[in-house]
Amino acid sequence: MFAFQQTHSCLEAEGRHMATITMPTTPARTRIAPSPTGDPHVGTAYIALFNKALAVRSKGQFLLRIEDTDRERYVEGSEKMIFEALRWLSLDYDEGPDVGGPHAPYRQSERSAIYKKAVDDLLSRKQAYRCFCTAARLEQMRSDMKARKEQPGYDRTCRKLSEDDARAKLAEGVACVVRLAVPLEGQTAFEDGLRGKTVFENRTIDDQVLLKSDGLPKYHLANVVDDHEMRITHVIRAEEWITSTPKHVLLYRAFGWEAPAFCHMPLLRNKDKSKISKRKNPTSLIWYRDEGFLPEALVNFLGLMGYSMSDQREIFTKEEFIADFDISRVGTTGPVFDLQKLEHVNGEWIQKRISLDDFVRRISAHWKGKYDEALVRKLAPLIQPRIKKLKEWSDYADSFFFGCPDYKTEELSGKRTPAEAAAILDRTIALVAGAPSFEHKALEEAAKAAAAEANMKPRDFLAAVFVAVTGKPVAPPLFDSMEILGRDETLARLRKARAKLA
RNA sequence: GGCCCCAUCGUCUAGCCCGGUUAGGACAGAAGCCUCUCAAGCUUCAGGCAGGGGUUCAAAUCCCCUUGGGGUCACCA
């Protein structure tokens, strides 16, 4: 039903980057299924991008499902942040909790009846069984196994329970979970769309808990039931799920359902190559937004992690990425999430890919009106080519809005003596006071002439002036700054600086 | 530790499937040019096929082993 081509050689192919499926020729339905357990995660956006790409490319649908079956880890407000973050990145979904859709509800906590029915079905066909073991017993069992150096896993005590015994315990009201009756022998294999065939020995697969004693499903159950009910055709998820895939395959089989295609993306990594984590790397999408990364740039960078464009372009829009997208170009090696490269990509976007007007809009939005709009407009062309993150705007702009910071004498005099710097400032004050035009070109010519008169190179002459006017050694160009500041303010600053050197 | 995944410059990667390249690009680094600071731009430099066996006239590319890294082993997802 959800057919996709498998290449004939896929079973023998062992080389790397060996995608075993081709792009679907029928509409694919994909999904992202985050848990609302905290700040929206950069990995969620990463996986969402690839799922979205496949859906759009195949003219299918991309949906959002909230996996909120863990009451312990549930964080209030997290779900809303997920919605907002995905929209911020333009990774919007065709179906989801806040947009609805034909398979609603899209929140697992609201689908209990569906899981209950599914589990009853499994139970009645002996594909699953009730387990009455207490947490304490399980813990004891595990530590015993560990002491004996055995592989940990449920010892299947309750699987041997007679139907009558189980019924009796149930009647007594003993708390229980439902476990999947995993075949004791044989193998379970699946074809990973990116990696080829992967085989697991069934004896290494635990009798997974499907339904918790609180009546809520565990991930494995909910995930399989929902993907089936929601007609998901391709599951693109992170590599960490590979080892649970055979459990899912077994579940599909137990239900008698056809499994979707699985593609396991490489995990985003910290610098030390471990799975990306907030202790070692910023992972919150909120952080990236607050830092002044453009959503376009973040998506662009995420695309670079795990994919390479067919023409090797590194700066591209989401649309360009999707247009190029081909499963066979998706990588399998875990990419280190390099903030420096992200900053480079963001810089390319800020400096070259957005218009001046757009830049102004984004600065205003990022700083929430902290800066006067008219002045932002004047300054924007000077600052846009100089920053890599919206957050850096303040470094260049503040002295135009909030006054000149106090001068550091060392910065003012620079490589010259304070007396020499003072002389230069005196000359500049006279020049600025008498300048017929306060247009930056005219100022520049006049200043350079003065430098020549003083028998100095422009850069030497202007060093002190630069700091005097802009307040710091890193700022927009001097003469443009003067023009924007105006004659009075420029003179005031020069005099204040001169006084500092007296 | 068992099982599973992965392996080209420090990092992201092209090349691998369909063996023959001076192994290409980007970020970061170094040097220089340009220059009113900082950016940008331009020109250079440095840096890699994890190791070992095969197969072959020829291996980054195909096969095997080793090593290394990662993931996973919950009434979390």
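Convention: sequence-line order gives letters A, B, ...; per-chain numbering from 1.
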A.B. asks: What does A/E444 touch in the nucleic acid at a heavy-atom separation under 4.0 angstrom: a base, only the sugar-phosphate, or nothing?
C.D. replies: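 Base, at least one base heavy atom under 4.0 Å.
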
A.B. asks: Counting any heavy atom closer than 4.0 Å, what does A/Q312 reach on the DNA or RNA strands: base, sugar-phosphate only, or nothing?
C.D. replies: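 Answer is base: heavy atoms of A/Q312 come under 4.0 Å of a base.
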
A.B. asks: Heavy-atom nearest nucleotide on RNA chain B for A/E314 versus A/E240: which residue maps closer to 5'?
C.D. replies: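 The 5'-side residue here is A/E314.
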
A.B. asks: Please check if the distance between the ring centroids of A/F466 and A/Y407 is under 6.0 Å.
C.D. replies: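 Distance test on ring centres: not under 6.0 Å, no.
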
A.B. asks: Would you mind telling me which of B/rC36, B/rA14, B/rG41 lies closest to the side-chain atoms of A/P458?
C.D. replies: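 Out of B/rC36, B/rA14, B/rG41, the nucleotide with an atom closest to A/P458's side chain is B/rC36.
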
A.B. asks: Please classify the nucleic acid contact of A/K352 as base, sugar-phosphate, or nothing, using heavy-atom distances under 4.0 Å.
C.D. replies: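 It contacts sugar-phosphate atoms only.
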
A.B. asks: How is A/T37 classified with respect to the nucleic acid when contacts are heavy atoms under 4.0 Å: base, sugar-phosphate, or nothing?
C.D. replies: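 Since no nucleic acid heavy atom lies under 4.0 Å of A/T37, the category is nothing.
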
A.B. asks: Nearest to the side chain of A/P335 - B/rC75, B/rU13, B/rC36?
C.D. replies: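 Among B/rC75, B/rU13, B/rC36, the one nearest the side chain of A/P335 is B/rU13.
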
A.B. asks: Please check if atom CD in A/E110 has more than 12 non-hydrogen atoms from other residues, nucleotides or ligands closer than 6.0 Å.
C.D. replies: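 Atom CD in A/E110 is crowded, with more than 12 foreign heavy atoms closer than 6.0 Å.
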
A.B. asks: Categorize A/V467 for me: base, sugar-phosphate, or nothing, with a 4.0 angstrom heavy-atom threshold over every strand shown.
C.D. replies: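 Since no nucleic acid heavy atom lies under 4.0 Å of A/V467, the category is nothing.
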
A.B. asks: How is A/V209 classified with respect to the nucleic acid when contacts are heavy atoms under 4.0 Å: base, sugar-phosphate, or nothing?
C.D. replies: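 It contacts sugar-phosphate atoms only.
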
A.B. asks: Does any donor-acceptor pair link the side chain of A/T243 with the base of B/rC4 at a separation under 3.5 Å?
C.D. replies: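 Looking at the base of B/rC4, it does not pair with any donor or acceptor on the side chain of A/T243 (distance under 3.5 Å).
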
A.B. asks: Which listed nucleotide (B/rA77, B/rC12, B/rA7) is nearest to the side chain of A/V336?
C.D. replies: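 Nearest to the side-chain atoms of A/V336, counting from C-beta on, is B/rC12.
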
A.B. asks: Please measure how far the P atom in B/rA50 lies from the corresponding atom in B/rC42, and state the result in whole Å.
C.D. replies: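 These two P atoms come out 32 Å apart once rounded.
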
A.B. asks: May I ask you to say what A/K271 touches in the nucleic acid, namely base, sugar-phosphate or nothing, with a heavy-atom cut-off under 4.0 Å?
C.D. replies: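 A/K271: no heavy atom of the nucleic acid under 4.0 Å.
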
A.B. asks: Assess whether one donor atom and one acceptor atom, taken from the side chain of A/R73 and the base of B/rC76, lie less than 3.5 Å apart.
C.D. replies: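 Flag set: donor-acceptor pair detected.
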
A.B. asks: By the 4.0 Å heavy-atom rule, please label A/S35 as base, sugar-phosphate, or nothing.
C.D. replies: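 The answer is sugar-phosphate, as A/S35 gets under 4.0 Å only of primed atoms, P, OP1 or OP2.
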
A.B. asks: From the options B/rC6, B/rC12, B/rA40, select the nucleotide whose nearest atom is closest to the side chain of A/Q351.
C.D. replies: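 Closest of the options to the side chain of A/Q351: B/rA40.
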
A.B. asks: Ignoring backbone atoms, establish whether A/R142 has a side-chain N or O less than 4.0 Å from OP1 or OP2 of B/rC75.
C.D. replies: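 So the side-chain polar atoms of A/R142 do come within 4.0 Å of the phosphate oxygens OP1 or OP2 of B/rC75, strictly under.
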
A.B. asks: So that I can tick it off, tell me whether A/E296 and A/R353 are bridged by a salt bridge, with the cut-off set at under 4.0 angstrom between side-chain N and carboxylate O.
C.D. replies: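 Looking at A/R353 and A/E296, the cut-off is not met.
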
A.B. asks: Both A/T198 and A/A135 contact RNA chain B. Taking the nearest nucleotide for each, which residue is further toward the 5' end?
C.D. replies: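 Looking at RNA chain B, the more 5' nearest nucleotide goes with A/T198.
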
A.B. asks: By the 4.0 Å heavy-atom rule, please label A/F479 as base, sugar-phosphate, or nothing.
C.D. replies: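 Base contact.
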
A.B. asks: Within the structure shown, what part of the strands sits under 4.0 Å from A/P476 by heavy-atom distance: base, sugar-phosphate, or nothing?
C.D. replies: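 It contacts base atoms.
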
A.B. asks: If the cut-off is 4.0 Å, is A/K273 near the phosphate of B/rC5, judged by side-chain N/O to OP1 or OP2?
C.D. replies: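 The answer is no; no side-chain N or O of A/K273 sits under 4.0 Å from OP1 or OP2.
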
A.B. asks: For A/D207, which of A/R179, A/K247, A/R156 qualifies under side chain to side chain donor-acceptor pair (under 3.5 Å)?
C.D. replies: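 Single pass found, and it is A/R156.
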
A.B. asks: Under the 3.5 Å rule, do the base of B/rU37 and the side chain of A/R386 count as making a donor-acceptor pair?
C.D. replies: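 Present.
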
A.B. asks: Does any donor-acceptor pair link the side chain of A/K388 with the base of B/rA39 at a separation under 3.5 Å?
C.D. replies: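 Between B/rA39 and A/K388, which were checked side chain against base, a qualifying N/O pair under 3.5 Å is absent.
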
A.B. asks: State which of B/rU8, B/rU37, B/rU11 makes the closest approach to the side chain of A/P477.
C.D. replies: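 Per side-chain heavy atoms of A/P477, the pick is B/rU37.
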
A.B. asks: Is any N or O donor-acceptor pair between the side chain of A/R195 and the base of B/rC5 shorter than 3.5 Å?
C.D. replies: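 Under the 3.5 Å cut-off, the side chain and the base do not form any donor-acceptor pair.
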
A.B. asks: If you compare every side-chain N and O of A/R71 against the phosphate oxygens of B/rC75 (OP1, OP2), does one of them come in below 4.0 Å?
C.D. replies: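 For A/R71, the contact criterion (side-chain N or O under 4.0 Å from OP1 or OP2 of B/rC75) is not met.
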
